[in-house]
Amino acid sequence: MECIINILCKQEDVMEKADVIIIGGSAAGATAAISCKRRNPGKTVTVVRQEQQVLIPCGIPYIFGTLGSPQKNLIPDSLLTGNDMNLVVDRAVEIERERKIVRIESGNDISYEKLVIATGSLPAMLPIPGIDKENVFVIRKDVKYLQDMLTTVNQAKDIIIIGGGFVGAEFADECKKNRDNRVTIIEKLPHCLQLAFDDEFCIEAESLLTSRGVKIITNQSVAKIVGNRKVSAVQLSNGELLKADVVIISIGVQPNVDLAKKAGLQISTSSGGIMVDRHMRLRNDSDILACGDCAMKVSYFSGMPVKTWLASVATHEARLAAANLFETRYPGLGTMGVFSTEFGDLAIGAAGLIERQASQDGYRIVVGTAKAPSRHPGGMPGAVPTTVKLIFSKDDGILLGGEASGGAGVGELVNVISACLQHGMTAYEVSLFQMGTHPALCASPIAYQVVNAAEEAVMKLQ
Ligand SMILES: Cc1cc2nc3c(=O)[nH]c(=O)nc-3n(C[C@H](O)[C@H](O)[C@H](O)COP(=O)(O)OP(=O)(O)OC[C@H]3O[C@@H](n4cnc5c(N)ncnc54)[C@H](O)[C@@H]3O)c2cc1C
């Protein structure tokens with residue numbers, strides 16, 4: 001069923017036209033549309049997206065505890081329709097590149113001057129027996145699916161979460177909230193969150209999750225899902241059986257590139273994303289751009305393909321795509337990866353390379369760490385111990401990455417670290433970074449963690 005809002009051209013025998021078509025209405029698609037319209041107010045912009053209601057993807061875990069409903073976690077359509085854009089709720093089924101047409105499922109064709117593909121990602125599946133059993137869920141960005149999942153979670157006593165990355169860990173914490181149930185994470189690596197953080201931060205997060213009643217089993221994978229019609233248990237690789245009423249598979253995503261493949265677009269073999277240049281354009285068709293989870297990414301540090309699928313990256317790429325639609329304005333610098341999460345009172349975040357990754361990539365590194373209360377004096381209400389760890393290259397002193405743990409301020413602390421990274425700042429420069437502080441808002445200027453961690457590194461570099 002097609003639903004068209006604010007369509008400019010509706011005569012049956014006239015093909016609909018848009019200066020810009022954006023396929024996808026989530027983080028990347030919505031941002032590309034808004035940014036494109038802002039930059040080109042005279043152009044017609046049409047967003048084609050398949051779902052009636054768009055979820056805020058990063059808010060999905062919070063539907064299961066803090067928010068309590070998918071309806072409380074939606075991106076409002078008014079962002080598009082209230083800003084003179086057309087919204088077509090339907091599935092794009094084909095891109096005819098020669099005629100510059102997007103064909104949509106209900107049979108309509110829309111022609112474009114420029115096309116942005118923002119079809120995102122789909123949950124990765126586990127290749128194990130039993131994943132098709134009832135009450136086994138993946139994390140789909142779909143309101144009805146998540147509502148059914150929430151109803152099932154609400155009735156469950158034993159919930160098993162496969163995958164202890166940030167999404168699995170957030171799900172575990174939220175599924176435990178205000179419920180008399182047992183929630184277990186099964187993680188095949190030695191720690192939860194191990195791909196995103198160094199061990200000390202993983203351990204801090206794990207002990208917080210454990211203190212909130214989540215059971216964590218590491219160094220184990222799930223070999224099969226057991227049950228008749230419905231799941232009743234999971235079997236671990238060591239043979240152990242764990243009772244389960246609900247299984248949530250959270251092992252990552254894969255780029256959704258079916259439409260792009262069908263149109264003959266090049267797909268990166270290493271990351272699975274649509275191959276784009278630094279302007280987010282296709283290499284062999286400059287009228288088509290791609291951004292977000294469906295697009296190939298390269299590392300800011302190495303220039304090699306990376307699998308960093310984050311909303312922050314998707315929106316950054318969407319703004320780049322919008323800037324480079326009609327002119328060549330500026331290239332992207334590559335994906336840095338900035339991210340934070342929170343369990344109870346503990347927030348942790350990272351920007352750029354963690355120590356383990358920097359060492360694996362062959363850097364000789366110097367690390368500086370500083371810990372202080374998030375407000376000053378430490379007795380101020382709401383003050384929590386906050387740690388910042390910065391990783392610098394030993395050879396030129398340039399910042400490679402940083403991690404932080406503590407209170408809610410960590411989200412912005414890692415954004416500060418990211419700004420320092422993007423400007424290629426050295427340990428010396430970060431140590432003289434001019435910050436503003438206030439007792440109720442920030443760490444003491446004497447103990448400001450980012451500056452003090454950098455100063456510790458400067459001492460080591462000297
Ligand atoms: C549970 C969860 C929590 C997360 N938390 C965070 C976080 O805290 N921070 C963070 O930075 N990232 C987070 N992420 C990652 C983030 O959600 C993704 O990186 C982001 O959603 C990517 O946005 P996107 O627009 O590229 O793709 P998607 O969100 O996947 O959206 C794709 C869009 O394309 C549409 N579409 C696809 N095919 C078609 C078609 N043929 N026709 C029409 N429309 C189509 C879809 O319907 C959808 O609107 C989280 C992800 C999940 C699953």
Side-chain angles (χ1 to χ4, degrees), residues 193-202 271 277-279 296-308 310 312-313 316-317 319-320 330-340 348-372 386-406 409-437 442-443 445-462:
L193 306 165
Q194 186 154 344
L195 298 177
F197 295 99
D198 285 320
D199 289 2
E200 63 273 32
F201 292 90
C202 300
S271 73
D277 64 16
R278 285 193 180 270
H279 298 95
M296 182 189 107
K297 293 153 204 349
V298 293
S299 161
Y300 171 86
F301 301 95
S302 67
M304 296 299 284
V306 282
K307 296 182 174 183
T308 308
L310 288 169
S312 53
V313 175
H316 161 75
E317 291 178 351
R319 289 187 183 97
L320 266 178
Y330 22 77
L333 300 174
T335 301
M336 198 171 271
V338 189
F339 157 77
S340 47
I348 54 172
L353 300 180
I354 58 173
E355 184 180 358
R356 192 184 319 110
Q357 187 65 52
S359 301
Q360 278 166 10
D361 288 355
Y363 287 100
R364 298 190 317 137
I365 56 168
V366 162
V367 172
T369 307
K371 187 170 183 173
T386 298
T387 304
V388 169
K389 170 177 175 178
L390 300 177
I391 298 115
F392 296 91
S393 159
K394 199 172 195 172
D395 293 294
D396 52 18
I398 288 179
L399 183 64
L400 296 171
E403 290 155 89
S405 71
V410 159
E412 291 306 335
L413 269 180
V414 294
N415 288 343
V416 166
I417 296 171
S418 171
C420 298
L421 273 168
Q422 283 191 44
H423 287 274
M425 287 171 77
T426 61
Y428 163 74
E429 287 165 335
V430 180
S431 74
L432 295 178
F433 159 79
Q434 299 189 35
M435 87 303 268
T437 64
C442 317
I446 301 167
Y448 194 78
Q449 300 93 338
V450 171
V451 164
N452 280 6
E455 200 169 57
E456 186 181 286
V458 168
M459 293 304 107
K460 290 182 184 170
L461 284 163
Q462 282 172 358

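Because only heavy atoms are used, hydrogens play no part in the values below, and waters and symmetry mates are left out as well, while side chains stay in.
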K.L.:
For R278 and V298, run side chain to side chain contact (heavy atoms under 4.5 Å, CB included): C-alpha distance rounded to whole Å, both residues' side-chain angles, the deciding distance at 0.1 Å, then the answer.
P.N.:
CA-CA 9 Å; R278 285 193 180 270; V298 293; 4.1 Å; yes
K.L.:
Is a donor on one side and an acceptor on the other found under 3.5 Å between the side chain of D198 and the backbone of E355?
P.N.:
yes
K.L.:
If you compare all heavy atoms of A196 against all heavy atoms of A350, which two are closest, and at what distance to 0.1 Å?
P.N.:
O-CB, 3.8 Å
K.L.:
Which heavy atom in A404 sits nearest to a heavy atom in V388, and how many Å separate them?
P.N.:
CB-CG2, 4.2 Å
K.L.:
Within the distance-only criterion (no hydrogens, no angle test), does the side chain of D277 pair as donor or acceptor with the backbone N or O of H279 below 3.5 angstrom?
P.N.:
yes
K.L.:
Test K389 against every option in I417, I354, T369 by the side chain to side chain contact (heavy atoms under 4.5 Å, CB included) rule and name the one that passes.
P.N.:
T369
K.L.:
Main chain of I446, side chain of N452: is a donor-acceptor contact present, judged purely on distance under 3.5 Å?
P.N.:
yes
K.L.:
Stepwise, does the side chain to side chain contact (heavy atoms under 4.5 Å, CB included) test hold for Y363 with I398?
P.N.:
CA-CA 11 Å; Y363 287 100; I398 288 179; over 6 Å; no
K.L.:
Just verifying a value: how many Å separate D361 CG and S393 OG, rounded to the nearest 0.5 Å?
P.N.:
12.0 Å
K.L.:
Would you give the length of the straight line joining atom CG of L333 to atom CG of L421, rounded to the nearest 0.5 angstrom?
P.N.:
11.5 Å
K.L.:
Decide side chain to side chain contact (heavy atoms under 4.5 Å, CB included) for T335 and H316; before the verdict, give the C-alpha distance in whole Å, the side-chain angles of both, and the deciding distance to 0.1 Å.
P.N.:
CA-CA 9 Å; T335 301; H316 161 75; over 6 Å; no
K.L.:
Any donor-acceptor pair under 3.5 Å linking the side chain of R356 with the backbone of F197?
P.N.:
yes
K.L.:
To the nearest 0.5 Å, what is the distance between CG on L310 and CD on E317?
P.N.:
10.0 Å
K.L.:
Hey, is the main chain of T437 close enough, under 3.5 Å, to the side chain of Y448 for a donor-acceptor pair?
P.N.:
no
K.L.:
If you look at every heavy atom in V451 and V430, which pair is closest and at what distance?
P.N.:
CG2-O, 3.7 Å
K.L.:
Looking at A372, is its backbone amide N or carbonyl O close enough to the side chain of Q449 to form a donor-acceptor pair, meaning the two atoms are under 3.5 Å apart?
P.N.:
yes
K.L.:
To the closest 0.5 Å, what do you measure between OG (S340) and CG (N415)?
P.N.:
6.5 Å
K.L.:
Take a 6.0 Å sphere around OH of Y428 and say whether it holds more than 12 heavy atoms from other residues, nucleotides or ligands.
P.N.:
no
K.L.:
Please assess I348 against E403 for the test side chain to side chain contact (heavy atoms under 4.5 Å, CB included), listing each intermediate value before the final yes or no.
P.N.:
CA-CA 7 Å; I348 54 172; E403 290 155 89; over 6 Å; no
K.L.:
Can you tell me how far apart CE (M435) and SG (C442) are? Round to the nearest 0.5 Å.
P.N.:
9.5 Å
K.L.:
Among residues at least two apart in sequence or on other chains, which ones pass side chain to side chain contact (heavy atoms under 4.5 Å, CB included) with V366?
P.N.:
K394, A457, K460, L461
K.L.:
How many angstroms lie between atom CD1 of I391 and atom CG of L399, to the nearest 0.5 angstrom?
P.N.:
8.0 Å
K.L.:
What's the shortest heavy-atom distance between F339 and V414, and which atoms?
P.N.:
O-CG2, 4.0 Å
K.L.:
Please enumerate all residues that pass side chain to side chain contact (heavy atoms under 4.5 Å, CB included) together with M304, with sequence neighbours excluded.
P.N.:
S302
K.L.:
Between L400 and A358, which heavy-atom pair has the shortest distance, and what is it?
P.N.:
CD1-CB, 4.3 Å
K.L.:
Where do V410 and S405 come nearest, in terms of heavy atoms and distance?
P.N.:
CG2-C, 3.5 Å
K.L.:
Taking only residues two or more places apart in sequence or in another chain, which ones pass side chain to side chain contact (heavy atoms under 4.5 Å, CB included) with Q462?
P.N.:
V458, M459
